[in-house]
Amino acid sequence: GKQVSFTASGAISAAGKPVILNSAGTVTQAALSSTTVTQDWQAGTAAGVNDDKNTTGGSIAWDSADTNKAMIVYERSNTIYGMVATVTGSGTSTSVSFGTRVALISTSGNLILGFVADPNVAGQFIIFYSVTTTTEQKVAVITFSGATSAAIGTTQQAWANGVGGENFYNNLVADPNVSGQFVAIRRLGSGAKTGHVKAMNLSGDTFTFGSDYVWQTPASATEIGGPQILASPKDAGIFVVVYADNAADTYGKARVISLVGTVASTGAATTFQSNGQSLAQTGAFNKDVSGQFLCMWGGYYTSGNTNKQWQSSVGTVNTSAKTITFSSVVGLGNDGENVLNGSVVSMGGLSNIFLANYMVSNKTDASALCQQVATIASGSVTWGTRNVYYSDELVGSGSSPDLATNEHNLGRTITFFTDYLEIPYANNAFVTDVAGTYSSSNLTATNFIGVSDAAISSGASGDITVKGGIAASGLSSLTPAADYY
């Protein structure tokens, strides 16, 4: 019958309830729990390591298993540095401290192309970067070294060359549904540019690579502008690339990339912006709804070149047809003549809430770092009030205010940026908690053990029918030769 007796940790309310196996060998009823964050707030500005004027773009990722630690990588004078950020306190007393800056990659001419936490391995991060002197693109594993320092493993070549040198708009994502799988994109060429994608599987410290796949072959005058790749957290092997198609008057477009093993294929391009320019396009899949993502872009204008603003739309992916449909466009406000870089994350926890970071300049909020909360309901997005966090010369053309969510502290995010007004330049990080009710489950991909045969009081023992088993007791009124599930 595959019935096993276990001691319950917490009451199991009735027969037929799914239960999980705890590390102590006890069982607990699978359940959702809710956490409510009552208000939006920002805290924890930390002026970290000051650097010279050669400091450029950086990225941050929260450890997939630690509620208090994030890893930062950034470029300075052709060297890529790693630095640990530690968050302490709560509420308005939250603060961020930086560990020792470590030179991870010192070969000449390095550019960070992508940086992510491994969603399935604690304390592990992946960096994707280019060596401009050799036009190679490489990957490596970065880990914590002690509590406050960083270390890097062996670097491996993902692409042998980047002829034409167009390596500023590449990206890297992890497929959270497939352990050890990462996907990188790049654009390649001078003049007409092609879009490329490659799957990478990580085992230990070693990557194996799939074949190069071209997801966009342009006309002779086309340039692929600023492509970014998004990974679906609910659909294994499904990704979306958002980019500007400069052959179509800088329209904003998106494509589905489907991955089976390490073999990629793509669907047709879908236009999400056809009025004015699409710049700095970015996006994030909704962690709460399969196939749904929020796309955000800057550069839209309604009157010449003087009324640019950030815009957004909800995308829905048909995974089998590899097609995308978009909702009506919703603006974030008239933000000035220069719309700069941005990023957006899904907060998860069945909240359908997103947080966006973005830059604007040359208007009321000169060179301002802004944050704005969005909510998706019935396939449409609604934005809250814009909050200007910082209003100085804090961003260069190659830098973004990078944003990461904390999977173990729902509602919490961390932002990394460089202040270009201070001399020497200063690296900064701050925490934002986003108001909402967030739900989490104690059920994981590996801890489900079976279903209860009856109610069990906390601390008492009772029978559990384990996965694949059939109860030997508690069954009545069954019909011979009938199937039951």
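Here, residue 1 is the first one in the sequence, and each next residue gets the next number.
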side-chain hydrogen bond (donor to acceptor under 3.5 Å, both in side chains), that's the test. Do Ser343 and Asp402 meet it? Break it down for me. CA-CA 6 Å; Ser343 56; Asp402 200 36; 4.8 Å; no

Working note: Gln281 + Phe272, criterion side chain to side chain contact (heavy atoms under 4.5 Å, CB included); need CA distance, chi angles, decisive distance, verdict. CA-CA 10 Å; Gln281 49 279 330; Phe272 59 79; 4.2 Å; yes

Do Trp62 and Glu407 pass the side chain to side chain contact (heavy atoms under 4.5 Å, CB included) test, and can you show the C-alpha distance, the side-chain angles, and the key distance before you say yes or no? CA-CA 8 Å; Trp62 220 303; Glu407 298 296 333; over 6 Å; no

Can Asn387 and Gln372 be said to form a side chain to side chain contact (heavy atoms under 4.5 Å, CB included), step by step? CA-CA 6 Å; Asn387 182 24; Gln372 203 160 344; over 6 Å; no

Begin from the C-alpha positions of Ile127 and Phe125 and carry the test side chain to side chain contact (heavy atoms under 4.5 Å, CB included) through to its verdict. CA-CA 7 Å; Ile127 189 169; Phe125 307 83; over 6 Å; no

Go through the steps for Thr415 and Asn357 under the test side-chain hydrogen bond (donor to acceptor under 3.5 Å, both in side chains), then give the verdict. CA-CA 8 Å; Thr415 295; Asn357 278 356; 2.9 Å; yes

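Side-chain N or O atoms of Ser312 include none that pairs as donor or acceptor with a backbone N or O of Cys295 at under 3.5 Å. In terms of modelled atom types and a separation under 3.5 Å, the side chain of Ser64 and the main chain of Asp118 share a donor-acceptor contact. Under a 3.5 Å cut-off, the side chain of Ser327 and the backbone N or O of Val314 do form a donor-acceptor pair. Not one N or O on the side chain of Glu136 forms a donor-acceptor pair closer than 3.5 Å with the backbone of Ala158. Under the 3.5 Å distance criterion, the side-chain polar atoms of Ser232 are left unmatched by any main-chain donor or acceptor of Gly291. The main-chain N or O of Asp63 is never found under 3.5 Å from a side-chain atom of Lys69 such that the two would form a donor-acceptor pair. A donor-acceptor pair under 3.5 Å is formed between the side chain of Glu75 and the backbone N or O of Ile112.
Atoms OG1 and CG, on Thr206 and Asn201 in that order, are 12.0 Å from each other to the nearest 0.5 Å. To the nearest 0.5 Å, the span separating CZ on Arg386 from CD on Gln371 amounts to 12.5 Å. In this structure, Arg187 CZ and Ile224 CD1 are separated by 8.0 Å, a value rounded to the nearest 0.5 Å. Note that CG of Asn68 and CG of Asn406 are 7.5 Å apart. Values are rounded to the nearest 0.5 Å. Separating the OG1 atom in Thr155 from the CD1 atom in Ile105 is a distance of 7.0 Å, to the nearest 0.5 Å. Atom CD of Gln311 is separated from atom CH2 of Trp297 by 6.0 Å, given to the nearest 0.5 angstrom.
Residue Pro233 comes nearest to Pro176 through the heavy atom pair CA-CG, 3.6 Å, listed as atom of the first residue, atom of the second, then distance. Annotation for Leu410 and Ser440: closest pair CD1-CB, 3.9 Å, computed over non-hydrogen atoms. Looking at every heavy atom in both residues, Val373 comes nearest to Leu355 through CG2-CD1, 3.9 Å. Taking every heavy atom of both residues into account, Ile185 and Phe128 meet most closely at O-CE2, 3.6 Å. The two residues Ala404 and Ala61 make their nearest non-hydrogen contact at CB-CA, 4.1 Å. When all heavy atoms of Lys287 and Ser346 are compared, the pair lying nearest together is N-OG, 3.1 Å.
Under the 30°/60° scheme for interplanar angles, the aromatic rings of Trp310 and Tyr358 are found to be tilted. In this structure, Trp159 and His196 have perpendicular ring planes: the angle between them is above 60°, well past the 30° mark. Using a 30° and 60° split on the angle between ring planes, Phe285 and Phe293 fall in the tilted class, from 30° to 60°.
With a 4.5 Å cut-off on side-chain heavy atoms, Thr94 and Val87 count as touching. In this structure, Trp383 and Met296 have side chains that are in contact, with non-hydrogen atoms separated by less than 4.5 Å. Side-chain atoms of Ser203 and Thr208, non-hydrogen and from C-beta on, never get closer than 4.5 Å to each other. By the 4.5 Å heavy-atom criterion applied to side chains, Asp288 and Met347 are not counted as neighbours. Inter-residue side-chain proximity for Phe144 and Asp66 is flagged as unmet; no heavy-atom pair is nearer than 4.5 Å. Ile72 has its side chain within reach of Phe98: a pair of non-hydrogen atoms, C-beta onward, lies under 4.5 Å apart. The side-chain heavy atoms of Val183 and Asp175, taken from C-beta on, include no pair separated by under 4.5 Å.
A donor and an acceptor atom, one from each side chain of Thr194 and Thr217, are nowhere located under 3.5 Å apart. The closest side-chain donor-acceptor pair between Asn352 and Asn286 falls under 3.5 angstrom. Side-chain contact of Lys253 with Thr271: a donor-acceptor pair under 3.5 Å is absent, judged by distance alone.
Screening Val102, Val73, Leu104 for a side chain to side chain contact (heavy atoms under 4.5 Å, CB included) involving Ile152 leaves a single residue, Leu104.
Aromatic pair Trp215/Tyr243: ring centres closer than 6.0 Å.
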